[in-house]
Amino acid sequence: MKTARAWQLGIRDLLIMSGSRHRPHLKRPIWIIVLVSLVSIFLLGAYVYPPRSTTACYILSSRGCTMFEQPQTPPSRELTDNENIAQVVIKELLKAPPVRSKSPKIAFMFLTPGALPFEKLWDKFFNGNEERFSVYVHASSEKPVHASRYFVGRDIHSDKVAWGKISMLDAEKRLLAHALQDPDNQQFVLLSDSCVPLHNFDYVYSYLMYTNVSYIDCFEDPGPHGSGRYSEHMMPEVEKKDFRKGAQWFSMKRQHAIIVMADNLYYTKFKLYCKPNMDGRNCYADEHYLQTLFHMIDPGGISNWSVTHVDWSEGKWHPKAYRAQDVTFELLKSITFIDKSVHVTSNEKKKVTVEACMWNGMKRPCYLFARKFYPETLDRLLDLFSNYTTV
């Protein structure tokens, strides 16, 4: 059924039904009427003659308060010319009201070396929602032969991608640049060839469209695989205290996607100084650039967790990968019910941080997609899809 199921996410929770209460009519004291009148006059005066200070956060403003109307902390040092330019551009983009579309869509951006083994599963996911999504494929090694009509003709110009190199980040930006050309695309989801959907399309669409944040994984890791990868060559624009880590798989709102396209200052720092065997350490830009950038410029505008699930519980260099025998209804439902994000630092303390996944102020399941699944799991996933995606 194509009817939007936003109520499943708690949209219905926001609608408060107020029933009538039967009380006997009481004659109100005169002093209450006088008090109400005085308060009304005060509020009217405040609305007609608002504060003139541009730094005041004015509660009666029809525009509300933004981070740019709050008092700004003076910088601890004099900014470089490039920093001033970057901050002006980024602040203007963040202040600009979002461009509304009559037909908002989600851009599904697939980053793959070649074939996409789960096209038939995605075909089932997309079916019947043709006006609400678009597909972009970056195949870095070989041109894929597509099994779904939704993927045919959706390949973009692609370059080679090396794991851990800046070329991975360049591929992400290339996908964003193509997807941004469609003004109806409002959310931009980065997926790999091993990703599968965990919910039906209506659920995913409501989850992403009815909120105003980007789902970017981001946390502070003081260990060797976190800030231990930081290079002082990034100074002064990127300080160690701001260096963040997270998974590369994101869902990003249009406003943030444009900022990524506009940024050259911070991107260049990571291109030059966050790479394998840099100063005797391995730094991977796809795990640090977006995370650090948005922590610095718009920390309140990101979720700090990714909507793509991956299992690191085995404690190995790579996450758990699922074989055909692993794929059961119970496994998939258990992933869809996870409502807390977990981050573990890489230092000796192995500090574990657990936070509830909040959607518009309400606790909700964290994940819309999952990886890593071997191609051999396709038939099992197709058989189970209608069951495990039913909320």
Side-chain angles (χ1 to χ4, degrees), residues 1-13 106 108 110 117-129 132-133 187 189-211 213-217 246-247 249-251 303-314 319-343 354-391:
M1 186 173 69
K2 292 176 61 177
T3 306
R5 301 173 65 186
W7 61 271
Q8 296 168 335
L9 301 173
I11 300 298
R12 188 172 59 177
D13 300 341
I106 300 174
F108 291 86
F110 291 86
F118 298 108
E119 281 194 25
K120 290 183 179 179
L121 181 65
W122 286 104
D123 187 281
K124 200 170 185 177
F125 172 79
F126 289 137
N127 187 39
N129 297 281
R132 298 198 288 170
F133 74 90
Q187 284 281 347
V189 181
L190 182 68
L191 300 161
S192 76
D193 55 316
S194 69
C195 284
V196 301
L198 291 174
H199 298 273
N200 62 42
F201 187 90
D202 282 339
Y203 185 99
V204 172
Y205 187 88
S206 299
Y207 196 109
L208 296 180
M209 286 299 186
Y210 296 144
T211 190
V213 299
S214 292
Y215 293 94
I216 297 174
D217 191 29
W249 312 104
F250 60 76
S251 179
S303 64
N304 294 322
W305 87 86
S306 169
V307 288
T308 298
H309 174 268
V310 67
D311 184 355
W312 287 98
S313 62
E314 294 180 340
K320 178 180 176 59
Y322 300 101
R323 293 286 186 181
Q325 64 268 22
D326 300 322
V327 178
T328 63
F329 175 82
E330 289 73 23
L331 168 71
L332 297 168
K333 290 305 292 185
S334 67
I335 297 175
T336 65
F337 285 156
I338 296 173
D339 58 7
K340 294 178 181 178
S341 66
V342 180
H343 292 116
V354 180
E355 294 184 353
C357 295
M358 305 300 292
W359 183 88
N360 287 345
M362 297 172 285
K363 189 176 181 180
R364 287 294 177 264
C366 303
Y367 302 114
L368 305 179
F369 317 101
R371 56 188 301 269
K372 304 173 61 163
F373 289 79
Y374 279 102
E376 66 187 56
T377 63
L378 175 61
D379 290 340
R380 291 286 296 147
L381 290 166
L382 285 172
D383 290 340
L384 294 169
F385 180 77
S386 297
N387 293 325
Y388 77 79
T389 59
T390 301
V391 179

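- Inter-residue side-chain proximity for D311 and P319 is flagged as unmet; no heavy-atom pair is nearer than 4.5 Å.
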Step-by-step side-chain hydrogen bond (donor to acceptor under 3.5 Å, both in side chains) determination, H343 to D217: CA-CA 10 Å; H343 292 116; D217 191 29; 2.7 Å; yes
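- Formation of a donor-acceptor pair under 3.5 Å by the K363 side chain with backbone atoms of C357 is not found in this model.
- Put simply, CG on D339 and CE on M358 are 10.0 Å apart, with the number rounded to the nearest 0.5 Å.
- A donor-acceptor contact shorter than 3.5 Å links the side chain of N360 to the backbone of Y210.
- Residues F118 and W122 place their aromatic rings such that the two centres sit no closer than 6.0 Å.
- Side-chain atoms of Y367 and T336, non-hydrogen and from C-beta on, never get closer than 4.5 Å to each other.
- At a threshold of 4.5 Å between non-hydrogen side-chain atoms, the residues D193 and P117 count as touching.
- Take T308 and apply the side chain to side chain donor-acceptor pair (under 3.5 Å) test, not counting sequence neighbours, and it matches no residue.
- For the pair Q187 (side chain) and I106 (backbone), a donor-acceptor distance under 3.5 Å is absent.
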Throw together a table of side-chain donor-acceptor distances under 3.5 angstrom for residues 323-332, partners on residues two or more places apart or in other chains.
residue: R323; atom: NH1; partner: E376; partner atom: OE1; Å: 3.0
residue: D326; atom: OD2; partner: R323; partner atom: N; Å: 2.8
residue: T328; atom: OG1; partner: L331; partner atom: N; Å: 3.1

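- Taking the ring centroids of F126 and F108, they lie under the 6.0 Å cut-off.
- In terms of modelled atom types and a separation under 3.5 Å, the side chain of S214 and the main chain of I216 share no donor-acceptor contact.
- Aromatic ring centres of Y322 and Y374: separated by at least 6.0 Å.
- For K320, the NZ atom is densely surrounded, since the number of other residues' heavy atoms within 6.0 Å is greater than 12.
- Salt-bridge annotation for R132 and D202: present, with a side-chain N of the basic residue lying under 4.0 Å from a carboxylate O of the acidic one.
- With sequence neighbours left out, C195 forms a disulfide bond (SG atoms under 2.5 Å apart) with no residue at all.
- Closest approach of F110 to S192, counting heavy atoms only: CD2-O, 4.1 Å.
- A tilted orientation is assigned to the rings of Y207 and Y215, their planes being inclined by 30° to 60°.
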